[in-house]
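In what follows, every chain begins at residue 1, and chains take the letters A, B, ... in the order their sequences are listed.
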Number of protein chains: 2
Amino acid sequence: MAIEKDPSAGPTAERRAPGRRAGDHGRYGRLSRELVLTAALGLVDREGLSALSMRRTGAELGVEAMALYRYAAGKDALLDGLVEALYAELEEELAASEESPEWRDELHRIAAATYRVALAHPQVAPLLATRMLAVPLARRPLAVLRDHERVLALLNRAGLDEEATAAAFRAVNDWILGCILGDLRAMVDNPDEPDPAFRLGLHRMPARELPRLRAAAPALARRAGPEGMAVGLDALLDRFAPGAGATE
Amino acid sequence: MAIEKDPSAGPTAERRAPGRRAGDHGRYGRLSRELVLTAALGLVDREGLSALSMRRTGAELGVEAMALYRYAAGKDALLDGLVEALYAELEEELAASEESPEWRDELHRIAAATYRVALAHPQVAPLLATRMLAVPLARRPLAVLRDHERVLALLNRAGLDEEATAAAFRAVNDWILGCILGDLRAMVDNPDEPDPAFRLGLHRMPARELPRLRAAAPALARRAGPEGMAVGLDALLDRFAPGAGATE
DNA sequence: CACCATACGTTTACGACGTATATGTACACT
DNA sequence: AGTGTACATATACGTCGTAAACGTATGGTG
């Protein structure tokens, strides 16, 4: 998972080899930040964000709640850890496919990978919106900052000046996040219900006062998908990074 | 018992105004859904989402926590109520400025108003992302559905077919939400700090491994603002609602 | 070997939380 | 005057985050 070390986790002595010994608690062996985050991520994936508590995460690892505080300064830090885990997964995802020499294609590749990772963890994805608001830029996990760095480098390669780079960066990030949240919205209610219209609880919509919405609802239940995101991304890039290999 | 409460109780001691009936609770008079939501909104605006609890909201109204359950089925419903309150404010905002006959201008007007309302309640705005994921379309507050209906009607007026309408609708919504969250992000840390770069905790950013980010950070601290949102909105509309009064 | 500092997990405790349930209380009717 | 109903309170339970104090195993040092 490639989790960074928690800087708040005291003076880190060299970690022991992964051998088991007496006093080990739980089937996972000795704790580590990565184990804690993995357990938390699994718990949230399975039971949702509201099921995440220090005690339950500890139980997941066969350990008391307080044991986790060595690896995450508190519950908020644990949530931030989930974001970190997602970005770690993004880096794996990016490493798995081939890098493109074209900055625009590369942006598309990053956007698509981000989208995939986020939708693979629908319960965690909302944290991408909320935790980012609670943590200032420079305190965000390194994986997040590296992602930002990557995107900035690409825009820079496109020949944008500082101001235009910032504007394009914002546009790209905002669009990706918006698309992710929007498509998650289309999955709410019962994800197992095959009929998308029913998934949205479409019955009981007052057709009289909301005719267009009633009519459009089945179409709205469809997700934009990576394709929709890509189309919009191109549209935004054409506007915010003009003259630099625009589509059409 | 309502009549003989402890008369020395702080905020409730002087709360009975002349002309009120005995049995009134709190300086706001009898409870109502609107009062509850207003109190909750005020509390969150002042102290943040984490300060919102049934007990504290009740205290705000001079009432026990359980009294709120008549007006909001539980804490989640209270959060949904905050979203509802925001959309109610949006409707006021829209009523305050003049409607445009041009569908595209009208979309801009709606987007700008949404942006204003959201940024006016930075602590509440994240709920626009999170609660929408917890509530299926048809169960969302009426004010939300009316907003959707308005936007759909405008796109319909632009002559889009059903599929294109849905795609454009998603794009518009996703973009607005993304812009709102992105600009809120630029306000985190210390909102009173006049220097935007410092607001982001820019000190302590490892300049070695993140050169572009370090250089771009001051620019990133600036918000896109309604202008940035408007530019992107036009770009998206040009792509998703082609041939219908495109800019340039 | 003996000794100890340190890293790591547990125990205990406290106050706040959401909310189910049962219990008043005041008002609108007859 | 009596009664049903709408409304708020009182009480209680289980869970939460986490501060503080406490063991205990480990690996480095004499």
Side-chain angles (χ1 to χ4, degrees), chain A residues 5-6 8-36 39-40 43-44 47-81 134, chain B residues 1-7 9 11-12 15-16 20-36 39-40 43-44 47-81 134:
Chain A
K5 256 190 309 190
D6 185 358
S8 72
T12 3
E14 193 35 53
R15 191 126 283 146
R16 259 173 304 275
R20 305 288 302 263
R21 45 200 85 216
D24 272 0
H25 304 275
R27 54 215 156 96
Y28 295 108
R30 199 180 208 76
L31 285 185
S32 71
R33 177 163 171 83
E34 173 156 359
L35 277 174
V36 169
L43 179 57
V44 173
E47 308 196 32
L49 263 183
S50 64
L52 183 72
S53 75
M54 301 301 277
R55 289 177 223 258
R56 288 213 54 190
T57 307
E60 203 83 357
L61 294 159
V63 134
E64 297 303 312
M66 292 309 291
L68 306 178
Y69 279 78
R70 198 171 302 277
Y71 307 97
K75 176 152 193 204
D76 283 351
L78 192 57
L79 292 173
D80 294 336
Chain B
M1 53 176 74
I3 285 194
E4 270 313 343
K5 280 178 92 82
D6 180 1
T12 59
R15 71 182 189 212
R16 221 172 311 272
R20 291 273 169 69
R21 295 155 309 194
D24 272 358
H25 304 275
R27 55 208 153 101
Y28 296 107
R30 199 184 210 73
L31 285 185
S32 71
R33 178 163 170 85
E34 174 157 3
L35 277 173
V36 169
L43 179 57
V44 172
E47 307 195 33
L49 261 183
S50 63
L52 182 73
S53 74
M54 301 302 277
R55 288 177 223 256
R56 288 213 54 189
T57 307
E60 202 84 358
L61 294 160
V63 135
E64 298 302 312
M66 292 310 291
L68 307 178
Y69 280 77
R70 193 170 304 276
Y71 307 99
K75 177 155 190 199
D76 283 351
L78 192 57
L79 293 172
D80 294 336

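With sequence neighbours excluded, the residues satisfying salt bridge (charged side-chain N to carboxylate O under 4.0 Å, His left out) with A:Arg56 are A:Glu47. Residues passing the salt bridge (charged side-chain N to carboxylate O under 4.0 Å, His left out) test with B:Arg55: none are found, sequence neighbours excluded. Remark: A:Glu64 engages no residue in a side-chain hydrogen bond (donor to acceptor under 3.5 Å, both in side chains) (not counting sequence neighbours).
Residues from residues 70-80 of chain B with heavy atoms under 4.0 angstrom of DNA chain D, sorted by number: B:Arg70, B:Tyr71.
Rounding to whole angstrom units, OH of residue A:Tyr69 and C1' of C:dT10 are separated by 14 Å. The separation between B:Leu52 atom CG and C:dG18 atom P is 8 Å, rounded to whole Å. Look at CZ on A:Arg56: it is 17 Å from P on D:dG14, rounded to the nearest Å. Separating the CG atom of A:Leu68 from the C1' atom of D:dG17 is a distance of 12 Å, rounded to the nearest angstrom. Atom CD in A:Glu47 sits roughly 15 Å away from atom C1' in D:dT15 (whole-Å rounding). In this structure, the CZ atom of A:Arg33 is 18 Å from the P atom of C:dA7, given to the nearest Å. Look at CZ on B:Arg30: it is 16 Å from P on C:dT25, rounded to the nearest Å.
Looking at every heavy atom in both residues, A:Tyr71 comes nearest to A:Arg33 through O-NH1, 2.8 Å. Taking all atoms of both residues into account, the shortest heavy-atom contact from A:Leu78 to A:Met54 is CD2-SD, 3.9 Å. A pairwise comparison of heavy atoms in B:Ala73 and B:Ala77 identifies N-CB, 3.5 Å as the closest pair. Listed here is the closest heavy atom pair of B:Val36 and B:Thr57: O-CG2, 4.2 Å. Scanning both residues, A:Lys75 and A:Leu52, for their nearest heavy atoms gives NZ-O, 2.9 Å.
Checked against C:dC8, C:dT19, D:dA8, the side chain of B:Met54 finds its nearest nucleotide in C:dT19.
Counting only heavy atoms from C-beta outward, the side chains of B:Leu31 and B:Arg70 never approach each other to under 4.5 Å.
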Polar atom pairs (N or O), protein with nucleotides 12-14 of chain C, under 3.5 Å:
none

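In this structure, B:Ser53 does not reach the C:dA16 phosphate: none of its side-chain N or O atoms is under 4.0 Å from OP1 or OP2.
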